[in-house]
Amino acid sequence: GAGVSQSPSNKVTEKGKDVELRCDPISGHTALYWYRQSLGQGLEFLIYFQGNSAPDKSGLPSDRFSAERTGGSVSTLTIQRTQQEDSAVYLCASSLDLGEYSPLHFGNGTRLTVT
Amino acid sequence: SQQGEEDPQALSIQEGENATMNCSYKTSINNLQWYRQNSGRGLVHLILIRSNEREKHSGRLRVTLDTSKKSSSLLITASRAADTASYFCAPTGNQFYFGTGTSLTVIP
């Protein structure tokens with residue numbers, strides 16, 4: 001079946017503009033995760049969803065970042081008033097459930113460049 | 001947090017050699033997972049080892065876990081150029097935190 005799909009694959013935006021990043025998880029996966037990866041760095045955990053609910057938003061870097069998930073499926077990560085330090089690859093992953101024995105399935109990411 | 005830290009940061013070996021990378025963590029875990037990331041791609045799950053297991057094999061991969069030392073190792077035997085990638089460990093409780101990874105280069 002189809003894997004995790006992220007769009008766009010690349011996004012170049014001007015500083016101060018808002019951007020929306022989209023993630024389509026694997027059908028039937030109830031858990032969804034967002035990570036940020038800066039060049040040559042590890043993965044920074046941002047937020048996770050169980051169904052449509054995000055119990056812990058403390059990983060979001062600032063109040064310019066928000067995320068939602070509707071219908072237990074598609075998720076969008078929105079960055080308002082983008083800054084140059086927001087430039088990174090944003091990775092989405094889904095898993096069958098929130099259980100720790102469910103491996104994560106990753107999309108190929110959205111590469112965001114803020115000029 | 002349950003973030004793992006991989007060591008070494010970078011490793012370069014000749015094709016056919018074995019590659020060993022290590023992971024250390026600080027909190028109690030229920031399992032530990034290893035992932036691979038090829039350049040420009042997302043992470044791919046390789047193997048999961050439960051806290052009550054000491055060793056696990058999958059093809060050319062061998063994973064060990066020492067919960068008393070809070071450490072794990074990933075051994076790739078008979079490496080191939082296609083194994084060139086970054087490798088991450090994820091010690092897991094109920095969330096997934098990744099370290100900075102080990103960048104492996106296998107020279108043909």
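Naming: A, B, ... by sequence-line order, numbering from 1 per chain.
One finds the CZ atom of R41(B) at 11.5 Å from the CG atom of L91(A) (value rounded to the nearest 0.5 Å).
Proximity to chain B (any heavy atom under 4.5 Å) is restricted, for Q37(A), to the side chain, taken from C-beta onward. Using a 4.5 Å cut-off between heavy atoms, L48(B) contacts chain A through its side chain alone, with no backbone atom that close. Of the two parts of Q37(B), only the side chain, counted from C-beta on, holds a non-hydrogen atom closer than 4.5 Å to a non-hydrogen atom of chain A. Residue S38(A): no heavy atom, backbone or side chain, is found under 4.5 Å from chain B. When heavy atoms are compared at a cutoff of 4.5 Å, L104(A) approaches chain B by way of both its backbone and its side chain.
Taking the side chain as every heavy atom from C-beta outward, N30(B) and Y101(A) approach each other to under 4.5 Å.
Under a cut-off of 6.0 angstrom, the local environment of CZ in R80(B) is sparse, with at most 12 non-hydrogen atoms contributed by other residues, nucleotides or ligands. Under a cut-off of 6.0 angstrom, the local environment of CD in E85(A) is crowded, with over 12 non-hydrogen atoms contributed by other residues, nucleotides or ligands. No more than 12 heavy atoms of other residues, nucleotides or ligands shown are found within 6.0 angstrom of CD on Q9(B).
The hydrophobic clustering, which links ILVMFWY residues whose side-chain heavy atoms are closer than 4.5 Å, places L11(B) and L74(B) together. Note: the hydrophobic cluster containing F98(B) does not contain W34(A) (ILVMFWY, side chain heavy atoms under 4.5 Å, direct or indirect links). Residues I79(A) and V89(A) fall into different hydrophobic clusters, defined by Ile, Leu, Val, Met, Phe, Trp and Tyr side chains chained together at heavy-atom separations under 4.5 Å. Tracing side-chain contacts under 4.5 Å through hydrophobic residues (I, L, V, M, F, W, Y), one never reaches L112(A) starting from L43(A); they form parts of separate clusters.
Heavy-atom minimum distance, Q33(B) versus P103(A): OE1-CA, 3.7 Å.
Across T100(B), V44(B), L43(B), the residue that shares the most heavy-atom pairs under 4.5 angstrom with chain A is L43(B).
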